[in-house]
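In what follows, chains carry the letters A, B, and so on, assigned in the order in which the sequence lines appear, proteins first and then strands, with residues in each chain numbered from 1. Owing to the predicted nature of the structure, the values given are computational and were not obtained by experimental measurement.
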Amino acid sequence: MFQSNVPRHSLKFQEALRHTGTKKIHDLCTKHRNVDEALRLLDHLRLRGYLPDPLNLSSIIHGLCDANRFNEAHQRLIIFLTSLCVPDERTCNVLIARFLHSKDPFRTFNVIHRLIEFKPEFVPSLINYNRLIDQFCSVSLPNVAHRMLYDMINRGHCPNTVSYTTLVSGYCKIGELSDAYKLFDEMPEWGVVPNSLTYSLLIRGVLRKRDIERGRELMHVLFQVMRYEEDQSVNSAAFANLVDCLCREGLFNEVFMIAEEMPQGNRVNEDFAFGHLIDSLCKVGRSHGASRVVYIMRKKGFTPSIVSYNSIIHGLCKEGGCMRAYQLLEEGVGFGYLLSEYTYKVLVEALCQAMDLDKARGSFKSYVEQGRDG
DNA sequence: CTAGGGTTAG
């Protein structure tokens, strides 16, 4: 056996190697970003009878994942495991988090099962499961993601709102609304309550299917749910997603209704809400609509940000609204905003072009008239 | 000097 050729050493010798080796390996992997040198050192020590410990495993896998060498990291991990170098629970979760950076959920899933193979009592953390669910959804495989949900339940986890929201959104993205609804209804069975972001992402799927009536009903519930949400950032995310998809689906009446009536009240920071309405409208080429939101905002006593003025002015110049753009420029200057030189350049060019267009029109007209006369 | 270490849904 090969094993018997390896010299056996005392514990003292192991510890001596550990002192010199482990720190060096770790430094090579992190500080110097030279995993290959670390691997050479580790192989050298191994030939002298050194048994790698979970610290070495952690350093090496970290270094390889950090260098986007996920294939090798995966192979090395298996080698470490088969030589019975098995890390503790926390380290296992850290390693999984590293493999999640590969954005290859199948690989991460394999890593998890390899770890469990050598450490049957290991249960990946809720966050790792949720991230894995998200990654299967982002490669349009919510069915596989769904199996991860059952997997985590079987291992004794209780899924949370993030788990379900991710999966509901995953089914919505591929247009499987009936699965999304089923999952949404299943949540209370696990003591999980949908929050405003869950509703918002479900609405996105519903509106994409052009089920406007159902979308409106859910929007009503969404604004109710926002009132009980304690995490402001969840409400902001829900609001931003809602406005984005209303704009994308061309439901501008709803967008202006929100700007006028602010049904989310103070559950979403007002400046953020107005700013996002303006942003989303500009993004879908509706700068005139965005300037209408500026008007509504000011009517309510809020001041648009310099960023809003900049993007609307740019948008209006592109969409043939340079006179309104000029008006807004003056308005912004009136608030003491120092608009960028680029904004001025864009506006001046648009104004010149508009005048040229008039000239062009004029000459075209006279050309036509001349033709009639002649 | 006893070692190192990730955080989710838009």
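Listed by residue number, A:Val234, A:Ala237, A:Asn241 are the residues of residues 208-242 of chain A with a heavy-atom contact under 4.0 Å to DNA chain B. Across residues 109-128 of chain A, A:Ser125, A:Ile127, A:Asn128 each have a non-hydrogen atom less than 4.0 Å from an atom of DNA chain B (numbered order). Against DNA chain B, the stretch residues 175-203 of chain A makes heavy-atom approaches under 4.0 Å through A:Asn195, A:Leu197, A:Leu201.
Between A:Phe80 atom CZ and B:dG4 atom C1' there is a gap of 14 Å when expressed in whole angstrom units. The distance between atom NE2 of A:His101 and atom P of B:dG5, rounded to the nearest whole Å, is 13 Å. Straight-line distance from the CG atom of A:Leu132 to the P atom of B:dT8: 15 Å, rounded to whole Å. Between the NZ atom of A:Lys103 and the C1' atom of B:dT8 there is a distance of 11 Å, rounded to whole Å. Rounded to a whole Å, the CG atom of A:Asp66 is 14 Å from the C1' atom of B:dG4. Going from atom NZ of A:Lys24 over to atom P of B:dC1 covers 23 Å, rounded to whole Å. Separating the CD1 atom of A:Ile25 from the C1' atom of B:dG4 is a distance of 13 Å, rounded to the nearest angstrom. Protein atom CZ of A:Arg204 is 13 Å distant from nucleotide atom P of B:dA9, rounded to whole Å.
Checked against side chain to side chain contact (heavy atoms under 4.5 Å, CB included), A:Arg208 has the following partners two or more places apart in sequence or in another chain: A:Arg248, A:Glu249. Applying the ring pair (Phe, Tyr, Trp, His ring centres under 6.0 Å) test to A:Phe106 and every residue at least two apart in sequence or in another chain returns A:Phe136. For A:Ser140, the side chain to side chain contact (heavy atoms under 4.5 Å, CB included) criterion is met by A:Ile174, not counting sequence neighbours. A:His314 meets the ring pair (Phe, Tyr, Trp, His ring centres under 6.0 Å) test with A:Tyr342; sequence neighbours excluded. The ring pair (Phe, Tyr, Trp, His ring centres under 6.0 Å) test applied to A:Tyr129 returns A:His157, not counting sequence neighbours. Looking at residues two or more places apart in sequence or on another chain, you find a side chain to side chain contact (heavy atoms under 4.5 Å, CB included) between A:Glu37 and A:Leu28, A:Asn34, A:Arg40. Judged as a side chain to side chain contact (heavy atoms under 4.5 Å, CB included), and not counting sequence neighbours, the contacts of A:Lys119 are A:Val86, A:Cys92, A:Glu121, A:Phe122. By the ring pair (Phe, Tyr, Trp, His ring centres under 6.0 Å) test, A:Tyr181 pairs with no residue at all, sequence neighbours left out.
Residue contacts shown for A:Ser58 include a base, since a base heavy atom lies under 4.0 Å away. A:Lys31 comes within contact range of no nucleotide atom at all, as no heavy-atom separation falls under 4.0 Å.
Which of B:dA9, B:dG4, B:dG10 sits closest to the side chain of A:Thr166 comes down to B:dA9. Closest contact between the side chain of A:Arg131 and the listed nucleotides B:dG5, B:dA9, B:dT7 involves B:dT7. Distance from the side chain of A:Val162 is smallest to B:dT8 among B:dT8, B:dG10, B:dG5.
Checked against the 6.0 Å centroid criterion, the rings of A:Phe70 and A:His74 do not qualify as a close aromatic pair.
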Practice problem: Step by step, work out the salt bridge (charged side-chain N to carboxylate O under 4.0 Å, His left out) result for A:Glu270 and A:Lys300. | Solution: CA-CA 11 Å; A:Glu270 280 101 340; A:Lys300 289 178 184 284; over 6 Å; no
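Electrostatic pairing of A:Lys345 and A:Glu349 counts as a salt bridge here, judged by a charged N lying under 4.0 Å from a carboxylate O.
Within the structure, ring-ring contact (aromatic ring centres under 6.0 Å, His included) contacts touching residues 255-290 of chain A (residues at least two apart or in different chains) are A:Phe272-A:His276, A:Phe274-A:Phe302.
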